[in-house]
Amino acid sequence: MLTLIACLIPAAALPAFSRAGTGPGPGYLDVGFSDQFAFQYASGPIASTWYARAQSLGSSYVRLVASWRSLAPAKLRPGFQAASAADPRYSWSSLDSQVEGAVAHGQHVVLMIFGAPRWAQGGGAPSSAILGTWRPSPSALGAFARALAQRYSGSFPDPLHGGQSLPRVTYFQAWNEPNLPIDLGPQWTRGTSGQWIPASPGLYRRMLNAVYFNIKAVQPSDYVLAAGTAPYGDAPGVNRMAPVVFLRELLCLSGPRLRPESCPNPAHFDALDHHPYSLTPTLHAYSSENVSVPDLGRLTAILRVAERTGRALPAGPKPLWVTEIAWSSNPPDPLAIPDALQARYLALTFYQFWRQGVTHAFWLLIRDYPYKSLTGSGLYFQNGTAELSAQAFRFPFVALHTRRGILTLWGHAPGPGTVEIERGNRNGWQPVTSLTANPGGIFYAQLRLGSHQVLRARLGSVASLGWATN
């Protein structure tokens, strides 16, 4: 019974977000995966299998790590042309095959640049600093970004196939979770009076701009994402920086009132990204400076002020992406939530994302991987058997109480068309009503359908999981 009722949330509790499309959210929700284990560490044939399964679930995006430290030479020697993809000291072959495999299975690739080589790090790193994260040189990072954009511009010769070019990659991301000291340091520095001063946002702004301008110099139509921020922070100077604090500082806005500060070189990016991990899809972060699934408005409020004041460039509204989200399931993780609850969390989370204006959502791991907290977060077991969450990813559907007798119905169908809403009973599934999924597969309605029932959505032969109301 817990799996049937634990995820219900009144739709009225969610913040409004107005965008063109079906209902209060965007007209689409593009979905994909972040999974180095299945797509990058696995052999070519195995990766191809998982790309094919991702495609079958409706994924159209994959985020791949472009490891600067692995692709660039270990030592900086005279003559190295860091901004040229043709320099023979770069090691591109593995990434080439990974990009080709993703594109061959209909995926848009997001190349996330991460990890500086030793020669591109700043001095004075403490012994606790993770290799590749201490004061990366923005100029060196920009040169690498330019080479990366050249390599996947769609016109760079494929070294293994004469007369052909490597695929075009349109999406690039500058770093990962820069509000964590394990990814970027230092997070804080001491002021003249001993107070803690945020350091990572200013450093990251220079890094982000270096990536942005160098990628745009190769292909102006390429798309640059700001790094996804981690959801929680600590007290100043302790460890992690809260995402609200980080974003305010990045965008030159001071304090809760978002007072504009001097910003001679504002941040340039095309979309904001956040990783709102949380205990449940409905649990707000306790601190107003942290951001879990239902708290994304805390970030978009900052972003809108920055857009209005010229501190988030180029001018114009910027969408919100989520390139990492997941819950682990039992099995295989005995400490995690049941498999059915993971599937329910997934559907409810995608609804909450859409309700708050998210346009792209990536699940972390397509396959369970036996590593620390990642155990059980995939949509398939290690042996390749699909979990319930795979069906929820392909066709998320929720039926949430709005007020007495009124249900909010939302789903992301595998395609446009007429969606049948069906009620389950001892005789099977019986039709209740029909809704229309827009070209992005989104359907939304508020109807008086009663309570204490199980509903599902069906588009042709493809059905969602059942959703129990109370």
Among residues at least two apart in sequence or on other chains, which ones pass side-chain contact (heavy atoms from CB on, under 4.5 Å) with [X]?
X: Ser70; answer: Ser67
X: Ala83; answer: Ala143, Arg146
X: Asn239; answer: Pro181, Asp234

Where at least one partner belongs to [range], residue pairs that pass salt bridge (charged side-chain N to carboxylate O under 4.0 Å, His left out), sequence neighbours excluded:
range: residues 38-48; result: none
range: residues 129-140; result: none
range: residues 319-328; result: Arg63-Glu324
range: residues 89-116; result: Asp87-Arg89, Asp96-Arg151

Are any side-chain N or O atoms of [X] and backbone N or O atoms of [Y], one a donor and one an acceptor, separated by less than 3.5 Å?
X: Tyr152; Y: Val99; result: no
X: Asn438; Y: Gly441; result: yes
X: Thr229; Y: Asn179; result: no

* Quick one: closest heavy-atom pair of Trp354 and Pro26, and the distance? =>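 It is NE1-O, 2.6 Å.
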* Asked: Looking only at heavy atoms, which two atoms of Met241 and Pro201 are closest? And how far apart?
  ->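 Closest approach of Met241 to Pro201, heavy atoms only: SD-CG, 3.7 Å.
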Scan the side chains in residues 107-117 for donor-acceptor partners under 3.5 Å anywhere in the protein, sequence neighbours excluded, and list what turns up.
residue: Gln107; atom: OE1; partner: Ser59; partner atom: OG; Å: 2.7
residue: Gln107; atom: OE1; partner: Tyr61; partner atom: N; Å: 3.2
residue: Gln107; atom: NE2; partner: Ser59; partner atom: O; Å: 2.8
residue: Gln107; atom: NE2; partner: His105; partner atom: O; Å: 3.1

Please check if the distance between the ring centroids of [X] and [Y] is under 6.0 Å.
X: Tyr444; Y: Trp410; result: no
X: Phe395; Y: His412; result: no
X: Tyr345; Y: Trp327; result: yes
X: Tyr171; Y: Trp321; result: yes

Would you please name every residue forming a side chain to side chain donor-acceptor pair (under 3.5 Å) with [X], sequence neighbours left out?
X: Arg458; value: Glu422
X: Arg168; value: Ser221, Asp222
X: Ser389; value: Gln342
X: Ser278; value: none

Quick one: sort the [X] and [Y] rings into parallel, tilted or perpendicular, breaks at 30° and 60°.
X: Trp50; Y: Tyr380; value: perpendicular
X: Phe80; Y: Trp119; value: perpendicular
X: Trp68; Y: Trp175; value: perpendicular
X: Phe144; Y: Tyr90; value: tilted

* Asked: Do Ser60 and Asp30 pass the side-chain hydrogen bond (donor to acceptor under 3.5 Å, both in side chains) test, and can you show the C-alpha distance, the side-chain angles, and the key distance before you say yes or no?
  -> CA-CA 7 Å; Ser60 54; Asp30 286 339; 4.5 Å; no
* Taking 4.0 angstrom as the limit, do Arg248 and Glu289 come out as a salt bridge? ->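 So Arg248 pairs with Glu289 through a salt bridge.
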* N-O pairing of Asp270 and Lys216 below 4.0 Å ->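 Yes.
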